[in-house]
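One structure is given here, and the rest of the page talks about it.
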Amino acid sequence: FTHKEWPFLEQVFWALGNFREKFKEKYLIGVHWGCYKEGIESKYQDFNLISKGMATFKSDNNNIIELSSKNFLPKEIKKTNISKQWDIINISRPKKFKKLIEFLDCIRLLYDRKKFVKVLLICGTTKEFGTNKTFDNDIYDRYLNMFSYEEREHFTFLFLRSEGHPKNIPSSTIAHFLNSSKIFTIFSHMEGPNKSIHEALLCGLPVVLNEKYGKYLTYLNS
């Protein structure tokens, strides 16, 4: 189960003890934790899939398997020798913790100094966008207000509709955008098992991160 499904299912297993025992006669129960989480209880899970350093547990016996979604990337994500179209690429949802407003501010500072780097921001939305306060609901309006028509010749903002969530763009297209860029950046201070960092590295891009992110970097080697 995913971490989003688990709170509901945990209540079901707690309330229906007989069902839980019958269920566990045939199945092992595992939870994939795709977010940072503190104080996880491991009452009914047989195992927990989670990246190192991404969680704390209330007890010691948690059967942790230190793997998550970022350890399993599509074969299309690889380096190719195509020409570079953008200097900087950022692939982020418009959630507040992604710090996209800070990203826009930084690009604004560069343009104010007449450093017109080519930027690609790919931003996929979900159905909660526009109504949920955890999103930067005005992010596209900010982009339009912060950058002139002429400046937007340098700054491409692909703002994707929510209907395609969670896979608005095929992996092969993501690989194409990454390989067409020089530097990948993400402004979050913390993340779950962020696959985009690993995707960028596999496509040969250096990655620029907030210094607070360092302790969440795992499974990286040459």
Side-chain angles (χ1 to χ4, degrees), residues 32-36 49-54 66-111 115-126 135-136 139-140 143 154-160 164-222:
H32 175 273
W33 297 94
C35 65
Y36 182 80
L49 284 163
I50 193 163
S51 297
K52 185 177 181 180
M54 288 305 304
E66 290 185 351
L67 295 172
S68 63
S69 55
K70 69 181 178 183
N71 296 96
F72 306 92
L73 297 179
K75 64 179 185 297
E76 295 87 356
I77 304 294
K78 59 185 178 181
K79 186 176 180 180
T80 57
N81 295 316
I82 60 176
S83 60
K84 301 294 186 180
Q85 184 171 346
W86 295 282
D87 297 301
I88 299 169
I89 183 171
N90 185 328
I91 304 174
S92 299
R93 290 177 296 146
K95 296 282 284 188
K96 288 185 181 296
F97 77 89
K98 296 286 188 178
K99 307 292 182 183
L100 284 182
I101 292 174
E102 288 184 17
F103 178 71
L104 295 184
D105 287 342
C106 285
I107 303 304
R108 180 69 263 166
L109 283 171
L110 286 171
Y111 285 8
K115 298 181 185 293
F116 294 107
V117 294
K118 294 282 189 179
V119 179
L120 174 59
L121 173 59
I122 300 176
C123 196
T125 58
T126 66
F135 288 82
D136 287 322
I139 192 67
Y140 193 73
Y143 162 74
H154 306 284
F155 190 157
T156 302
F157 191 164
L158 294 185
F159 195 58
L160 307 175
H165 181 78
K167 195 172 182 64
N168 299 84
I169 300 178
S171 298
S172 57
T173 307
I174 290 291
H176 175 78
F177 284 136
L178 289 169
N179 278 285
S180 302
S181 305
K182 296 178 182 177
I183 294 171
F184 177 86
T185 188
I186 186 169
F187 272 45
S188 312
H189 295 178
M190 61 181 293
E191 281 275 358
N194 188 283
K195 294 190 293 184
S196 61
I197 292 172
H198 294 247
E199 291 171 341
L201 291 169
L202 284 173
C203 291
L205 276 68
V207 176
V208 177
L209 298 169
N210 186 291
E211 62 182 355
K212 296 178 182 177
Y213 199 122
K215 65 181 180 179
Y216 302 107
L217 297 178
T218 55
Y219 310 112
L220 300 182
N221 56 34
S222 58

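What you see below is based on every heavy atom in this structure, not just the backbone, and it leaves out hydrogens, waters and symmetry mates. Residue indices begin at 1 and follow the sequence shown.
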Hey, does [Y] have a side-chain heavy atom less than 4.5 Å from the side chain of [X]?
X    : Y    : answer
W33  : S68  : no
N210 : K99  : no
L201 : F184 : no
F135 : T125 : no
L178 : L202 : no
V117 : Y111 : yes
L104 : F155 : yes
H154 : V119 : no

Legend entry - The single option from I91, L120, L121 passing side-chain contact (heavy atoms from CB on, under 4.5 Å) against L158: L120
Inset, instruction - Go through the steps to decide whether S92 and F103 satisfy the test side chain to side chain contact (heavy atoms under 4.5 Å, CB included), and finish with yes or no. - result: CA-CA 11 Å; S92 299; F103 178 71; over 6 Å; no
Legend entry - Non-hydrogen atoms of I186 and S196 that approach each other most closely: CD1-OG, 4.3 Å
Inset, instruction - Mind listing the closest non-hydrogen atom pair of L160 and G124 along with its distance? - result: CB-CA, 3.9 Å
Inset, instruction - May I have the step-by-step check of side chain to side chain contact (heavy atoms under 4.5 Å, CB included) for S181 and I88, ending in yes or no? - result: CA-CA 6 Å; S181 305; I88 299 169; over 6 Å; no
Inset, instruction - Test D87 against every option in K115, K182, K118 by the side chain to side chain donor-acceptor pair (under 3.5 Å) rule and name the one that passes. - result: K182
Could you measure the distance from the [atom1] atom of [X] to the [atom2] atom of [Y]? Nearest 0.5 Å is fine.
X    : Y    : atom1 : atom2 : value
K95  : I139 : NZ    : CD1   : 14.0 Å
I89  : T185 : CD1   : OG1   : 11.0 Å
K98  : N90  : NZ    : CG    : 8.5 Å
S172 : K78  : OG    : NZ    : 11.0 Å
S171 : I77  : OG    : CD1   : 5.0 Å
L73  : E199 : CG    : CD    : 5.5 Å

Polar side-chain atom of [X] near backbone of [Y] as donor-acceptor pair, under 3.5 Å:
X    : Y    : result
Y140 : F157 : no
Y143 : T156 : no
N179 : L205 : no

Legend entry - Qualifying residues under side chain to side chain contact (heavy atoms under 4.5 Å, CB included), relative to I183, sequence neighbours excluded: P206, V208
Inset, instruction - Tell me, yes or no, whether the heavy-atom count around K84 atom NZ, taken from other residues, nucleotides or ligands under 6.0 Å, exceeds 12. - result: yes
